[in-house]
There are 2 protein chains.
Amino acid sequence: MARTTGSDGEKTEAAVREAAVNLIARFGYEAMSMRQLAAEVGVQVAALYRYFPTKEELLFTLMREHMEGLATAWEAARPTDADPAQLLSAYVRNHIAFHIERRHATHVSNMELRSLSPERLTQILRMRTAYEKELRAILRDGAEAGAFSIDDTGLTAMALIQMMTGVIVWFRPGERLSIAEVTATYLSMTMRLVGATSAGEERDVHEHAQLRA
Amino acid sequence: MARTTGSDGEKTEAAVREAAVNLIARFGYEAMSMRQLAAEVGVQVAALYRYFPTKEELLFTLMREHMEGLATAWEAARPTDADPAQLLSAYVRNHIAFHIERRHATHVSNMELRSLSPERLTQILRMRTAYEKELRAILRDGAEAGAFSIDDTGLTAMALIQMMTGVIVWFRPGERLSIAEVTATYLSMTMRLVGATSAGEERDVHEHAQLRA
DNA sequence: GAATTAATTGAACGTTCGTTTTATTATTGC
DNA sequence: GCAATAATAAAACGAACGTTCAATTAATTC
């Protein structure tokens with residue numbers, strides 16, 4: 001046989017992407033074979049190479065689109081004319097929502113960086129740094145405005161990102177906590193961590209979180 | 001040639017361990033080949049199999065000893081008759097010191113879990129859970145005693161561990177910050193995050209960290 | 001100093017890997 | 001309905017993989 005009835009390039013490519021994210025998240029990039037991926041999609045190995053010239057290019061595509069999606073989501077979620085606490089709150093909400101929604105893709109983007117060639121690694125890291133820079137700016141502006149009490153802006157930003165992204169390690173949808181509860185608690189922890197003093201939505205969030213304590 | 005002059009089983013095994021930790025941390029377990037490891041040690045491939053029956057057993061040994069070391073370090077560092085803030089402070093100090101000191105081994109233990117067989121994975125996770133349980137107990141006791149203000153003990157413990165362990169992702173010895181400075185800032189962030197109210201050593205640490213702000 | 005044990009080499013095993021090539025069939029445009 | 005093109009199958013490539021085995025030499029024991 002050759003071309004199969006009802007075959008469609010776009011559908012196949014989308015199926016390859018989705019299967020690849022799941023397999024790489026579960027077994028790791030090196031451990032996933034192109035044969036395994038093809039079998040998961042329900043296609044022969046050679047068909048994969050019609051859409052992605054190499055295995056690494058497939059990985060890179062998944063990562064790049066994940067980072068682009070993160071940047072796009074933040075652009076859409078970022079409030080205009082907001083005080084530091086509201087900005088930080090929006091950043092935390094967006095970060096947690098995005099990462100919980102795309103647990104597997106986040107896993108891939110965080111764990112498989114070393115499988116990229118130096119040039120591609122640089123490209124992904126540049127996107128990541130740009131995203132983290134937004135948080136540092138929020139923290140710096142808030143500290144200068146007296147809304148936050150922060151020892152070291154850069155270190156605090158890294159600590160917050162590690163803390164928030166860590167959600168995907170243990171969070172499983174439908175278990176003890178809902179996404180809203182997790183987000184509320186993380187918001188509360190974040191605001192305390194940065195020593196937020198303002199009376200914005202942060203206090204509401206904090207009081208809401210206390211309801212479950 | 002066969003046995004080489006000055007060859008010593010103990011030294012070779014130690015060299016294999018060390019080289020394996022470094023190579024796996026840098027390239028990943030799947031990407032590291034036994035030939036690459038042998039070349040790094042300066043030995044032929046077959047010699048590795050005198051010390052570790054399989055590649056996975058080597059990985060498991062590295063992980064198990066890392067987790068045992070972490071438990072041992074905490075047992076030695078845990079204060080007797082201390083208030084919650086002092087206990088938490090000791091936990092944070094020990095965790096950060098241990099993980100910075102063994103960055104590569106921590107990377108291996110955190111990133112390569114999926115390469116273990118189910119039984120071995122369970123064994124490592126059991127050790128990890130036991131260690132995390134200590135932190136949850138500290139947080140729970142502190143919250144009950146009124147020393148901390150915590151929304152969700154389990155969630156806070158996970159957030160703290162992710163935040164602290166994340167140090168190894170960005171920290172490089174000899175750069176902008178010293179280990180002492182990083183530890184002080186993380187202690188400060190931790191105490192604020194858990195809403196510590198007591199006037200133990202936590203205030204000293206916090207004031208000290210403020211000196212650099 | 002001969003016998004035994006410890007440590008290692010060198011070569012090979014079968015398997016799996018990412019990738020390529022060629023042929024074949026389904027779909028699309030005219 | 002016929003040409004052009006898109007999508008896939010089937011088979012094969014050489015290279016690299018984890019692992020094993022037999023042979024060989026250094027160190028140790030008596």
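Throughout, protein chains are lettered first and strands after them, A, B, ... in sequence-line order, and every chain is numbered starting at 1.
Separating the CD atom of Glu10(B) from the P atom of dA6(C) is a distance of 13 Å, rounded to the nearest angstrom. Rounded to a whole Å, the CG atom of Leu58(B) is 10 Å from the P atom of dT19(D). If you take NZ of Lys55(B) and P of dT20(D), they are 15 Å apart, rounded to a whole angstrom.
Among residues two or more places apart in sequence or in another chain, the salt bridge (charged side-chain N to carboxylate O under 4.0 Å, His left out) test is passed with Glu56(B) by Arg120(B). Not counting sequence neighbours, the partners of Arg35(A) by the side-chain contact (heavy atoms from CB on, under 4.5 Å) test are Ser33(A), Val45(A). Contacts of Glu134(B) classified as salt bridge (charged side-chain N to carboxylate O under 4.0 Å, His left out), with partners at least two apart in sequence or in another chain: Arg78(B). For Ala31(B), the side-chain contact (heavy atoms from CB on, under 4.5 Å) partners are Glu30(A), Phe27(B), not counting sequence neighbours. By the ring pair (Phe, Tyr, Trp, His ring centres under 6.0 Å) test, Tyr186(A) is found to be paired with no residue, residues two or more places apart in sequence or in another chain being considered. Shown here are the side-chain contact (heavy atoms from CB on, under 4.5 Å) partners of Arg126(B), two or more places apart in sequence or in another chain: Thr122(B).
Taking the six-membered ring wherever Trp is involved, the centroid distance between the rings of Tyr131(B) and Tyr91(B) falls below 6.0 Å.
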Determine all donor-acceptor pairs shorter than 3.5 Å in which one atom belongs to a side chain in residues 61-69 of chain B; sequence neighbours excluded.
unit_1   : atom_1 : unit_2    : atom_2 : d
Thr61(B) : OG1    : Glu57(B)  : O      : 2.8
Glu65(B) : OE1    : Arg17(B)  : NE     : 3.2
Glu65(B) : OE1    : Arg17(B)  : NH2    : 3.1
Glu65(B) : OE2    : Arg17(B)  : NH2    : 2.5
His66(B) : ND1    : Ser109(B) : OG     : 3.2
His66(B) : NE2    : Thr106(B) : OG1    : 3.2

Throw together a table of side-chain donor-acceptor distances under 3.5 angstrom for residues 159-173 of chain A, partners on residues two or more places apart or in other chains.
unit_1    : atom_1 : unit_2    : atom_2 : d
Thr165(A) : OG1    : His95(A)  : NE2    : 2.9
Thr165(A) : OG1    : Ile161(A) : O      : 2.8

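For the segment residues 38-50 of chain B, residues with any heavy atom less than 4.0 angstrom from an atom of DNA chain C are, sorted by number, Val43(B), Gln44(B), Ala46(B), Ala47(B), Arg50(B). For the segment residues 22-37 of chain A, residues with any heavy atom less than 4.0 angstrom from an atom of DNA chain C are, sorted by number, Met32(A), Ser33(A), Met34(A), Arg35(A).
Counting heavy atoms from C-beta outward, Val16(A) and Val43(A) have side chains that stay 4.5 Å or more apart.
For the pair Thr54(A) and dG18(C), the criterion of a side-chain N or O lying under 4.0 Å from OP1 or OP2 is not met. Contact between the side-chain N/O atoms of Thr12(B) and the OP1/OP2 oxygens of dT8(C) is found at a separation under 4.0 Å.
Evaluation of the salt bridge (charged side-chain N to carboxylate O under 4.0 Å, His left out) test over residues 97-111 of chain B, restricted to residues two or more places apart or in two chains, returns none.
Each end of the helix from dG1(C)-dC30(D) to dC30(C)-dG1(D) gets its own rotation axis from five pairs of C1' atoms, and the angle between them is 20° to the nearest 10 degrees.
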